[in-house]
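The structure appears right after this line, and notes come after that.
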Protein chains: 2
Amino acid sequence: MGKIEEAIQQKEFKDPYNKLVVNLLYTHSYMVTTQNCLFKPHDLSPEQYNVLRILRGQNGAPTTVSSIQDRMLNKMSNASRLVDKLKMKELVKREECPSDRRQVDVVITQKGLDLLAQLELLVEENNKNALHLSIEEVNQLNDLLDKLRG
Amino acid sequence: MGKIEEAIQQKEFKDPYNKLVVNLLYTHSYMVTTQNCLFKPHDLSPEQYNVLRILRGQNGAPTTVSSIQDRMLNKMSNASRLVDKLKMKELVKREECPSDRRQVDVVITQKGLDLLAQLELLVEENNKNALHLSIEEVNQLNDLLDKLRG
DNA sequence: TTGGATTTAATGTATATACATTCAAATGTA
DNA sequence: TACATTTGAATGTATATACATTAAATCCAA
């Protein structure tokens with residue numbers, strides 16, 4: 001894979017800031033590609049996986065659609081439709097919230113929990129294989145990304 | 001914005017590798033959001049902007065659809081359809097390649113070049129405003145991302 | 001308590017990604 | 001030359017993002 005200049009056949013960048021934007025977009029695509037390969041055999045998209053992870057993190061407590069939305073990595077994704085897809089696969093349950101009938105309580109099913117458990121090791125392995133960095137570099141990168149967003 | 005843990009309301013991560021994947025996805029979404037805001041008033045998407053940039057980088061030389069595809073940040077994007085959208089806006093021209101009639105030569109128009117020129121300063125400003133990092137940190141981040149992909 | 005404002009989820013539409021498939025043109029080999 | 005293979009672009013379909021809009025339920029203030 002190597003340097004971004006070779007990967008996209010661009011000789012040089014206007015400035016390091018411009019290069020960083022391109023590098024982020026390209027690296028994102030690289031990571032998502034590995035995730036797609038991993039999840040595809042299980043008929044799951046990375047985004048659907050993320051919703052399941054959020055629901056499991058609630059430890060069985062019902063979670064409203066808007067609460068899922070708030071916790072999603074992409075704030076513009078559509079939790080309502082993702083939940084719909086997961087429900088069709090019986091990975092989540094969806095019930096009207098008794099205290100506020102506008103809201104919808106979403107809970108991960110046992111089938112959903114089983115799928116997450118099954119993927120656990122694969123995801124961990126995939127991450128470590130895809131990220132060609134030492135623990136120190138990973139920590140450094142995490143700090144820089146946190147700082148990037150201000 | 002701050003630390004990723006607060007941003008997505010997740011208390012802790014399984015390991016730094018897992019955190020990095022989440023951080024990359026979240027930071028990508030952050031950057032693309034700023035780009036969308038920038039390009040939207042000009043009826044352009046970040047991906048269409050990227051194609052125009054690639055074509056300008058060819059200095060007027062015709063570029064085939066597959067060559068555009070190779071240079072794109074996301075290798076799974078569909079250059080054919082993006083070129084189609086740009087042609088409808090008269091930002092590119094598309095002609096049958098005389099030496100190989102399977103291929104299609106794409107060239108950026110003056111209108112396309114004018115639009116890029118108009119966006120030049122805005123993009124630069126947007127990048128510097130969105131990336132809350134010093135030049136040194138930007139360079140460090142670029143190196144780490146290059147290394148990440150191996 | 002009524003009626004406007006707000007909240008929540010669902011839905012509609014355009015764009016893009018992630019594939020698979022198609023079809024014409026070119027290539028290579030018997 | 002003839003025919004199978006490969007290549008390049010377009011197209012089809014499912015999923016997801018990026019909005020705007022809708023409709024119902026709740027809230028709140030007159």
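Residue numbers begin at 1 in each chain, while the letters A, B, ... track the order of the sequences.
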Protein-proximity profile, nucleotides 8-16 of chain C, B/S/- by nucleotide at the 4.0 Å heavy-atom cutoff, equals SSBBBB-SS
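Between A:Lys75 and A:Asp70 there is no salt bridge, since none of the side-chain N atoms of the basic residue sits less than 4.0 Å from a carboxylate O of the acidic one. A salt bridge does not link A:Asp105 to A:Lys93: none of the charged side-chain nitrogens sits closer than 4.0 Å to a carboxylate oxygen. Ion pairing between A:Glu124 and B:Lys14 holds under the 4.0 Å rule for side-chain N and carboxylate O.
One can place CG of A:Leu38 at 17 Å from C1' of C:dC19, the figure rounded to the nearest angstrom. For the pair A:Phe39 CZ and C:dT17 C1', the computed distance is 17 Å after rounding to whole Å. One atom, CD of A:Glu96, and another, P of D:dA25, lie 8 Å apart when rounded to the nearest Å. Atom CD in A:Gln35 sits roughly 11 Å away from atom P in C:dA18 (whole-Å rounding).
Every residue two or more places apart in sequence or in another chain was checked for a ring-ring contact (aromatic ring centres under 6.0 Å, His included) with A:Tyr17, and none qualifies. By the side chain to side chain donor-acceptor pair (under 3.5 Å) test, B:Ser99 is found to be paired with no residue, residues two or more places apart in sequence or in another chain being considered.
In terms of position along DNA chain D, the nucleotide closest to A:Met72 lies nearer the 5' end than the nucleotide closest to the other residue of the pair A:Pro98 and A:Met72.
The side chain to side chain contact (heavy atoms under 4.5 Å, CB included) test with B:Leu119 singles out one residue from B:Leu44, B:Leu52, B:Asp114, and that residue is B:Leu44.
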